[in-house]
Amino acid sequence: MAEIENRPSNFIRTIIDNDLASGKHASTHTRFPPEPNGFLHIGHAKSICLNFGIAKDYSGLCNLRFDDTNPEKEDVDYVNAIKNDVQWLGFQWHGDINYSSNYFDKLHSYAVELIEKGLAYVCFLSPEQAREYRGTLTEAGKNSPYRDTTVAENLALFAKMKNGEFKEGECVLRAKIDMASSFMVLRDPIIYRIRFVHHHQTGNKWCIYPMYDFTHCISDALEGITHSLCTLEFQDNRRLYDWVLENISIECKPQQIEFSRLNLEYTLMSKRKLNELVENNLVEGWDDPRMPTIAGLRRRGYTPASIREFSSRIGVTKQQNTVEMGMLEACIREDLNDNAPRAMAVLDPIKVIIENYDESAIEELSAPNHPNKEEMGKRILPFTRELYIEAEDFRAEANKKFKRLVLDKEVRLRNAYVIKANRFDEDADGNITTVYCTYDPETLGKNPTDGRKVKGVIHWVSASKGIKAQVRLYDRLFNVANPDADSELNPESLKVAQNAVLEPSLLNATKEQAFQFERTGYFCRDNKSDDLVFNQTVGLRDSWAKVDAK
RNA sequence: UGGGAUAUCGCCAAGCGGUAAGGCACCGGGUUUUGAUCUCGGCAUUCCCAGGUUCAAAUCCUGGUAUCCCAGCCA
């Protein structure tokens, strides 16, 4: 699309502008820090565009860092998928890929430093006891009986934890802060736990793993991050983020700034819940075209530019929001309207026989690939005596509002002739199967010379030259605007047009190539199947549907 | 009176004391061999509510109300 890289400001960019103006920072350094425990979704795209967008516009840097402190849920397959998605969206991270696990040695040293300062201790409370000791939202917690263990003993205990001398769950390392804090996150948070599991990056080197709150701030500081952008639910965690950096020997003090996460109507935006859909085979996989994942949107036909444009349009604020699907759809329509070549495809065919057209003739008509962009060229369209048209484009009788083929009336075949319907056949169920027509040979590329007005235009495909393909039509994944985990899925989210017939030029479509099937919508060739399969990206705006519904 | 946040059109969202941007959606007119595109026009006397300060308030003050987040050895 003619991507207008307008740079909408937002409260985060305002903060950065001020930090640059005041000299607090000479340049910006952001980071995108996903946990490799699932595929990225459109909400992550918002974060990617924010972080990498700032780096781009401010001539700063943006790192890609895998926040991999919980090996049980993570996998290299996810790191590869994430790398792929970020690049596909059009961004390149600064330097090598980073992993929180790169810092495990340093993290360990900082933990030891906290113990030496009397600011961390090994605690043997069971998870259940720890919960009781933590108190509630309205009542203060109480100190762990292990809180006053000596520094020397804590050092020895932590070494034993590291050496695998305690069982999983037997003890943890906790920061000594304030069991009465109104910030739950400050009530002596756990900073290390024991896990005897293989890590996708560090193998079996470690059996203790640092927690998010301890890891993230230090990782940011070690990478020289200036502005650490995350979502709203981490607002309380910011107090712990700052506490850790203030209490260890580290120079860099990144500023955490929170913004609201994206919610999209009729879909889910949680890796955990999306994972359930995948695990329970409710969708084909993470890249199912109905999924709000980057991979799913890609397979559906969304372009990187359209997703970047969407991110730009929704803005960045701290307000809780739920964006309408129409907003996303408008972005891809705008891109594809400009860039997708047109083609004709009949999804639900009925036959048209042009009785006054030579049975053996095959006329090679020429049609522009784009109505407003001559530079996109033309393609050949074979015209024959027998054609297919859309079943919904013929009615035996209709009022004047119906601008399509009606018995005894005329209609224009797109890029071809004007035809008139004379009679039709129907099957035992009353479904129309064949319409017998005559054509006006004087109407190719021009209006009838006698001044007859033909109002409608319908699309068609040659019956003998058309090609078969599977066309998949998609609808919203859920029936409710704000679904939760057990909301009902839309049983009609996938429909397959089994009898679709396409114009022959589509035989050359490459995987992922986008087209506008005229009068129908935007489609792209599936990027997985080797068969000829097209996925519907989005329909055309359809003002007729509103009229017809009345 | 636990704490942390947020409230501007149906949905996003500008606005930062000088008299309500923009986009999506919607409603009308025009062009059109896609009921598409394009184009022209319409869409908040009002900013969660109630008081107050001021010549002037969405913006400042006071008091309410609503919604979201926090009690994982998840991130």
Side-chain angles (χ1 to χ4, degrees), chain A residues 6 8-10 14 33-35 37 67 69-70 72-73 123 125-127 130-132 134-141 168-174 180-187 189-195 209 211-213 215-216 230-239 258 260 262 265 271-272 312-331 333-334 337-338 342 344 367 370-372 401-404 411-416 418 443 445-447 454-459 516-521 539-548:
Chain A
N6 55 334
S9 194
N10 56 53
T14 301
E35 181 186 14
N37 66 343
D67 211 349
T69 57
N70 187 8
E72 285 167 294
K73 294 195 202 163
C123 180
L125 249 26
S126 70
R131 196 184 325 122
E132 285 166 27
R134 194 153 33 231
T136 68
L137 293 177
T138 54
E139 298 161 45
E168 228 175 71
E170 192 174 351
C171 59
V172 294
L173 183 68
R174 292 228 251 169
S181 175
S182 52
F183 294 102
M184 296 302 289
V185 77
L186 256 24
R187 318 248 265 225
I190 292 167
I191 58 179
Y192 263 94
R193 79 287 219 184
I194 300 169
R195 277 301 103 96
Y209 291 97
M211 300 286 285
Y212 164 84
D213 285 301
T215 308
H216 206 91
C230 64
T231 42
L232 246 30
E233 65 270 26
F234 293 102
Q235 287 178 120
D236 287 359
N237 300 249
R238 187 175 69 243
R239 277 70 184 187
E258 311 86 11
S260 53
L262 168 68
E265 283 191 340
K271 268 197 265 185
R272 207 196 89 243
S312 165
R313 288 187 190 185
I314 59 175
V316 177
T317 68
K318 294 170 93 85
Q319 279 156 244
Q320 139 107 357
N321 63 80
T322 304
V323 177
E324 293 174 343
M325 272 294 183
M327 186 82 90
L328 220 206
E329 292 172 346
C331 293
R333 283 198 188 102
E334 192 172 301
N337 176 53
D338 268 3
R342 313 288 121 130
M344 293 200 285
H370 191 110
N372 312 321
K401 281 190 172 177
F402 185 78
K403 303 193 300 181
R404 308 182 188 187
V411 78
R412 159 77 63 183
L413 291 177
R414 176 78 168 153
N415 297 126
V418 168
T443 55
K446 57 190 183 208
N447 288 323
V454 178
K455 45 197 184 314
V457 180
I458 62 173
H459 56 98
Q516 183 197 99
F517 289 175
E518 287 190 295
R519 301 212 314 130
T520 303
L540 254 29
R541 275 190 68 228
D542 187 3
S543 52
W544 161 249
K546 291 167 202 159
V547 176
D548 193 39

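All values below come from the heavy atoms of this structure, side chains included, with hydrogens, waters and symmetry mates left out.
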*Can you tell me how far P in rG15(B) sits from the matching atom in rU59(B), rounded to whole Å?*
15 Å
*Would a distance-only check, ignoring hydrogens and angles, find a side-chain to backbone donor-acceptor pair under 3.5 Å from T443(A) to V418(A)?*
yes
*asked:* From C-beta outward on R519(A), which listed nucleotide comes closest to its side chain: rU33(B), rU34(B), rA75(B)?
replied: rU34(B)
*Select one nucleotide: of rG23(B), rU8(B), rA75(B), the one nearest the side-chain heavy atoms of M327(A).*
rG23(B)
*Take atom C1' in rC60(B) and the same atom in rC47(B), then report the distance between them in whole Å.*
16 Å
*Distance in angstrom units between Q235(A) CD and rA75(B) C1', rounded*: 16 Å
_Side-chain (S260(A)) to main-chain (Q319(A)) donor-acceptor, under 3.5 angstrom_ = yes
*Using whole Å, report how far NZ of K546(A) lies from P of rC27(B).*
5 Å
*From L173(A) atom CG to I190(A) atom CD1, the distance as rounded to the nearest 0.5 Å*: 9.5 Å
_Tell me whether R193(A) contacts the main-chain N or O of G169(A) through its side chain, where contact means a donor paired with an acceptor under 3.5 Å._
no
*Span that lies between the C1' atom of rG22(B) and that of rA13(B), in whole angstrom*: 8 Å
*Out of rA71(B), rA25(B), rG4(B), which nucleotide sits closest to the side chain of R541(A)?*
rA25(B)
*Hey, does K271(A) reach any base, or is it just sugar-phosphate, or nothing, if we go heavy atoms under 4.0 Å?*
nothing
*For rG22(B), give its Watson-Crick or G-U wobble partner with both distances under 3.5 Å, or none.*
rC12(B)
*Please give the nucleotide sitting opposite rG72(B) as a Watson-Crick or G-U wobble pair, both distances under 3.5 Å, or none.*
none
*Could you measure between the two P atoms, the one in rG23(B) and the one in rG30(B), and give it in whole Å?*
23 Å
*With nearest nucleotides of RNA chain B determined for E324(A) and S543(A) from heavy-atom distances, which residue corresponds to the more 5′ nucleotide?*
E324(A)
_Nearest-angstrom distance, P atom, rA21(B) to rA14(B)_ = 15 Å
*For R342(A) and E518(A), indicate whether the former's side chain and the latter's backbone hold a donor-acceptor pair under 3.5 Å.*
no
_Distance criterion of 3.5 Å, no angle test: do you see the side chain of R342(A) paired donor-to-acceptor with the base of rU34(B)?_
yes
*Measuring from T69(A):OG1 to Y192(A):OH, what's the distance to the nearest 0.5 Å?*
10.0 Å
*Judged by atom type as modelled, is there a donor-acceptor pair below 3.5 Å linking the side chain of K271(A) to the main-chain atoms of E35(A)?*
yes
_Given rC70(B), rC69(B), rC73(B), identify the nucleotide with an atom nearest to the side chain of E233(A)._
rC69(B)
_Once you apply a heavy-atom cut-off of 4.0 Å, does K446(A) come out as touching a base, just sugar-phosphate, or nothing?_
base
*Say you pick atom C1' in rC16(B) and the same atom in rA20(B); how far apart are they, in whole Å?*
14 Å
*When you get a sec, tell me which of rG35(B), rC73(B), rA71(B) is the closest nucleotide to the side chain of K403(A)?*
rG35(B)
_Please compare G135(A) and N321(A) by the position of their nearest nucleotide in RNA chain B and report the one closer to 5'._
N321(A)
*Taking atom CG of L262(A) and atom CG of N321(A), what is their separation to the nearest 0.5 Å?*
6.0 Å
*Please indicate yes or no: is the ring centre of W544(A) less than 5.5 Å from the centre of the six-membered base ring of rG35(B), with the two planes inclined by under 30 degrees?*
yes
*Atom NE2 of H370(A) and atom CG of N337(A): how far apart are they, to the nearest 0.5 Å?*
5.5 Å
*P-based separation of rU31(B) from rA36(B) [nearest Å]*: 14 Å
*Nucleotide of rG35(B), rC73(B), rG2(B) approaching T138(A) most closely (side-chain heavy atoms)*: rG2(B)
*Closest to side chain of K318(A), choosing from rG35(B), rU6(B), rC12(B)*: rU6(B)
*In the strands shown, is rA58(B) matched to any nucleotide by a Watson-Crick or G-U wobble pair with both distances under 3.5 Å, and which?*
none
*Looking at rA75(B), rG3(B), rA71(B), which one has an atom nearest to any side-chain atom of F234(A)?*
rA75(B)
_Give me the distance, rounded to whole Å, that separates rC9(B) from rC27(B) when you measure between the C1' atoms they each carry._
15 Å
*Side-chain N or O of T317(A) closer than 4.0 Å to phosphate OP1/OP2 of rA13(B)*: yes
*Quick one: look up who rU32(B) pairs with, Watson-Crick or G-U, both distances under 3.5 Å, and put none if it's unpaired.*
none
*May I ask you to verify whether the side chain of R404(A) and the base of rG35(B) hold a donor-acceptor pair under 3.5 Å?*
yes
*asked:* Any base atoms under 4.0 Å from N237(A), or only sugar-phosphate, or nothing? Heavy atoms, all strands.
replied: base
_Taking any heavy-atom pair under 4.0 Å as a contact, classify Q516(A): base, sugar-phosphate, or nothing._
base
*Among rA71(B), rC12(B), rG35(B), which is the nearest nucleotide to the side chain of V457(A)?*
rG35(B)
_rG72(B), syn or anti by chi within 90 degrees of zero_ = syn
*Quick one: the side chain of R195(A) and the base of rC73(B), do they pair up donor-acceptor inside 3.5 Å?*
yes
*asked:* So, OP1 or OP2 of rU6(B): does either fall under 4.0 Å of a side-chain N or O from Q319(A)?
replied: no
_Closest to the E35(A) side chain, choosing from rC12(B), rG2(B), rA75(B)_ = rA75(B)
*So, is R193(A) near the phosphate of rC74(B), with a side-chain N or O under 4.0 Å from OP1 or OP2?*
yes
_For a quick check of understanding: with a heavy-atom distance under 4.0 Å over all strands, which category does I314(A) fall into, base, sugar-phosphate or nothing?_
sugar-phosphate
_Is the phosphate of rA75(B) approached by T69(A) (side-chain N or O, under 4.0 Å from OP1 or OP2)?_
yes
*hbond_proxy E139(A) side chain to rG2(B) base (donor-acceptor, 3.5 Å cutoff)*: no
*Establish, with yes or no, whether the OP1 or OP2 oxygen of rC24(B) is under 4.0 angstrom from a side-chain nitrogen or oxygen of R333(A).*
no
*Looking at rG3(B), does its base get a donor-acceptor pair with the side chain of D236(A) below 3.5 Å?*
yes
*According to the Watson-Crick and G-U wobble definitions, with both distances under 3.5 Å, which nucleotide is paired to rA7(B)?*
rU65(B)
